[in-house]
Amino acid sequence: MSNKLLIEEIKARAKSLTELLSPCILCPHMCAVDRAGGELGECGVGFGATIASAVPHFGEEPEISGKRGSGTIFFSGCNLHCCYCQNSQISQNPRPIKGDSVKEIVDAMISLKARGCHNINWVTPSHIAPFAVLALAIARSQGMDLPIVYNSSGYDGLECLKLLDGIVDIYLADLRYSDDDCAAEFSLAPNYVSASRAAVLEMARQVGTDNPIGADGTLERGLIIRLLVLPNDLSGVADTLYFIKENLGTSVRIALMAQYFPAYKASNELLLSRPTSFREYSKIVDLADKMGFSNALIQEHASAEFYRPNFEKEKEPFEDIKHFIKRG
Ligand code: SF4
C-alpha cells in the first residue's frame with residue numbers, strides 16, 4: 001500500500017505548492033508570472049487544472065499497468081513544447097479552466113479506483129501539481145487509497161518535488177536529452193539537462209531505485225526512468241545511460257523507448273522527420289545490456305506504428321498499443 005501522509009499534512013503541502021504559483025517558480029522555466037492573478041507563463045495554464053482524459057491505461061510499463069490498468073489522468077497543457085509531441089492535441093493547446101478543477105480531479109481519482117485500476121497516474125502534472133495534491137487530500141479522506149504515480153517529462157522544479165516527498169509513490173520520469181542545445185531547439189527548454197538530472201536524483205532519493213514488485217505484479221513505490229530514442233542520436237541516450245550508471249547504479253528501472261514517430265511539427269524538422277531506425281534503437285539496447293542495466297524494459301521496434309493516441313476520443317484515446325518487453 002502506498003506511503004501515506006496524514007491528510008492534514010497533504011493539505012499543508014498543497015498550500016505550500018500553491019504559494020509557488022505567484023510568482024510562478026513551480027518548474028525550471030521559473031516564469032515568475034502571477035498565476036493566481038490570471039497571468040500565463042510558458043505552460044499557458046492559469047490558476048487551476050483541466051483534465052483532458054481520465055481512463056484506465058494498459059500501455060504503460062507492466063509494473064505500472066498491471067492486469068487492471070493504470071488510472072491515468074491526462075492534464076491539459078505542458079511546460080515543454082516538444083516539436084514531436086505525440087500528445088500535442090492536449091499538451092500544446094491547453095483547454096480553458098472551467099468550474100472546480102480540484103473537484104474534477106477528486107472525482108476522476110475516485111472513479112478510476114472504482115474501475116479497479118492499480119494506481120492513480122498523473123500524466124504531465126509538473127505545471128498543475130498544487131491542484132492535484134489538494135485533490136489527493138480530499139480523495140484520501142473519501143477512501144481513495146491507491147498509490148500515486150507522477151508521470152512527467154523530468155522538467156520538474158526541485159522545490160516542487162521536495163513538497164511531493166511522501167505524497168508521490170512512484171515516479172515515472174523522462175530523461176529526454178543529454179544536450180541542452182537539442183533541448184532548446186526541439187523542446188524549448190534550454191536548461192533541460194541539468195534540471196531533469198537534478199529532478200531524477202531527487203525522485204530517487206525519495207522513493208529509492210530498487211523496489212520489489214508487489215503481489216499483484218505492480219510497483220507500490222519506486223522510480224522508472226524513460227529514455228526515448230530519437231533519430232540521429234538527438235536524445236543522446238548513451239550519455240544519459242552513463243549519467244544514470246554513475247549516479248544511481250544499474251539496478252534502477254529504465255524503459256528504453258522505440259515509439260518515436262514524427263508527430264505534431266516534427267515532419268518540418270529534417271533530423272526528426274523519420275522514425276528511429278531499428279539500428280539506432282538496437283545500438284542503445286545493446287549498450288544498456290553491456291553496461292549491466294538489469295532492470296531494462298524494451299519495446300518492439302514496431303511500436304512507432306502503434307502508439308498514436310487520439311485525444312479527440314477522450315474516453316478511449318489509446319486504441320493501438322504495444323506492450324513493453326522485459327529484458328532477459
Ligand atoms: S509551471 Fe508554467 S508558469 Fe510556472 S514556471 Fe513552469 S512553465 Fe512557467
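Predicted, not measured: the structure shown is a model, and the values here were computed from it. In each ligand, atom 1 is the first atom listed, and ligand 1 is the first ligand listed.
- Of the protein's heavy atoms, C43 SG, 2.3 Å lies nearest to atom 2 (Fe) of ligand 1.
- The contact set between ligand 1 and G41, taken as ligand atoms under 4.0 Å from a residue heavy atom, comprises 3 (S).
- Remark: side-chain polar atoms of R35 are paired, donor with acceptor, to backbone N or O of V45 under 3.5 angstrom.
- In this structure, Y264 has its ring center no closer than 6.0 Å to that of Y84.
- Looking at H81, R35, E39, it is R35 that brings a heavy atom closest to atom 1 (S) of ligand 1.
- Inclusion of C24 in the first shell of atom 4 (Fe) of ligand 1 is supported: an N, O or S atom falls under 2.8 Å.
- Ring orientation note: the planes of H301 and F278 are nearly perpendicular, at an angle over 60° on the 30°/60° scale.
- Cation-pi geometry between R197 and F243 is met: under 6.0 angstrom from the ring centre, within 45 degrees of the axis.
- Checking C27 against atom 2 (Fe) of ligand 1, every N/O/S atom stays at or beyond the 2.8 Å cut-off.
- When atom types are taken as modelled, the side chain of D169 and the backbone of I148 share a donor-acceptor pair closer than 3.5 angstrom.
- Under a 4.0 Å criterion applied to the non-hydrogen atoms of E42, ligand 1 contributes the atoms 7 (S), 8 (Fe).
- Scanning all protein heavy atoms for the shortest distance to atom 8 (Fe) of ligand 1 gives C31 SG, 2.3 Å.
- Listed here is the closest heavy atom pair of E60 and T72: OE2-CG2, 3.8 Å.
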